[in-house]
Amino acid sequence: MDDFVTTTAVKKLGRMSKRIRDVRGGTSAGKTFTILPLLAEYAISFPNKEISVVSESIPHLRKGALKDFIKIMASLDRWHPQLFNKSLLKYSFPNGSYIEFFSADQPDKLRGARRNVLYINEANNIPFEAYQQLAIRTKDHIWIDYNPTHEFWVDTELKGDEDLESIVLTYKDNEALGGTIVKELEKAREKAKTSDYWANWWNVYGLGLQGSLEGVVFSNWRTIEALPSEARLLGCGLDFGYSNDPTALVGIYKYNDKRILHEILYKKGLVNQEIAPFIPATTVWADSAEPKSIEEIRRLNVDIRAVKKGSDSIAFGIQTMQGQEYLVTETSTNLIKELRNYCYDTDKNGKTLNKPIDNYNHSIDAVRYHEMMTIGIRNEVKVY
């Protein structure tokens, strides 16, 4: 959605009136694109109002809510760059109101100044303790949005609160969506008839209903703020994409006894000549199904090698990764999303299979290529 449009979602949220406004819903429902203009209108209409937009990390904000805010303000001819403080991530209005953006991993911000309005973006990625610290310092109302992938503190700690008002949005509430996006989304409705995984996916991302996050493949990771200067680059993994899937490039680093994963590239539509400059001066392991791409990149003076794959190479790579402890940089937002959603598939009866879904796996495949060709081979685990 490139421009702000007065959609059904805007009208529904505009009627919410309680202190805590719980906005759950599916993908492309326009949750963020609806709440942000309401905040801007509030700031413009009432002088000296303090509004905080909070997400799990600064990179997440920059790629999500902040990016959308700038786009919305520009589409309304209300964006004035001189009013935005880039270091504080704070937009000040002429009437003394402001909207600030900060992350839930900043303790000084959580326990800092009070505000009039709070907006927690993708709240299911934020601990309840962080919400509580922010809520008790908020005078007027609180917006909360998220995809309801599983039960979390909104369903437990806030359940029954007389000040809570909940609403469910879906892609059908967002008339600004293009027809191709709607068509792509509705493909999942048909897939939902074939497996429990897709049934759960459609329930959450299509219908905006609470799902169940079960069978996640990787739980052996946590996020860190930044890549330590002492971290040593071991190599990279590369998974090719183009039109439908992104090209994913991940750097694997060693730091003390941990391995750090750092997203370098995650983008569609790149040709090999555009991929090569992103690759650091190290060995990169890439998908052997793309020999032409590997050779083209190699001719650009990159140490790129084809991974050896066999019938059980996915299981082998996953097993190798599960034996490690990973730190993931906060800027690796696409990799983090994949790690949270990459789970084991199920059969038609709901029984968990010993193979993962073929989704949320581009960055993960990149990491898998590197790990199974370095750690796995070194430990002489059979690949084929």
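- Not counting sequence neighbours, E338 has no partner by the salt bridge (Lys or Arg N to Asp or Glu O under 4.0 Å) test.
- The salt bridge (Lys or Arg N to Asp or Glu O under 4.0 Å) test applied to R24 returns D22, D155, not counting sequence neighbours.
- Listed by first and then second residue, the side-chain hydrogen bond (donor to acceptor under 3.5 Å, both in side chains) pairs that reach into residues 269-282 are N272-S293, N272-E296, sequence neighbours excluded.
- Every residue two or more places apart in sequence or in another chain was checked for a side-chain hydrogen bond (donor to acceptor under 3.5 Å, both in side chains) with K254, and none qualifies.
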Name the atoms and distances for all side-chain donor-acceptor pairs under 3.5 Å in residues 223-250, with sequence neighbours left out.
unit_1	atom_1	unit_2	atom_2	d
D239	OD1	Y369	OH	3.2
T247	OG1	G241	N	3.2
T247	OG1	G241	O	3.1

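- Scanning for side-chain hydrogen bond (donor to acceptor under 3.5 Å, both in side chains) contacts around N121 gives T32, Y119, D145, with sequence neighbours left out.
- Annotation for Y98: hydrophobic cluster partners, listed by chain and number, are none (ILVMFWY side-chain heavy atoms under 4.5 Å, direct or chained).
- The side-chain contact (heavy atoms from CB on, under 4.5 Å) search around K258 returns E325, L327, not counting sequence neighbours.
- Here E186 pairs with Y171 under the side-chain hydrogen bond (donor to acceptor under 3.5 Å, both in side chains) rule; sequence neighbours left out.
- Under the side-chain hydrogen bond (donor to acceptor under 3.5 Å, both in side chains) criterion, Y344 pairs with Q322, not counting sequence neighbours.
- Scanning both residues, R368 and I314, for their nearest heavy atoms gives NH1-CA, 3.5 Å.
- Applying the ring-ring contact (aromatic ring centres under 6.0 Å, His included) definition to pairs two or more places apart or across chains, those involving residues 41-70 are Y42-F46, Y42-H141, F69-Y91, F69-F101.
- Listed by first then second residue, pairs satisfying side-chain hydrogen bond (donor to acceptor under 3.5 Å, both in side chains) with a partner in residues 99-112 read S52-E100, S103-D105, S103-Q106, not counting sequence neighbours.
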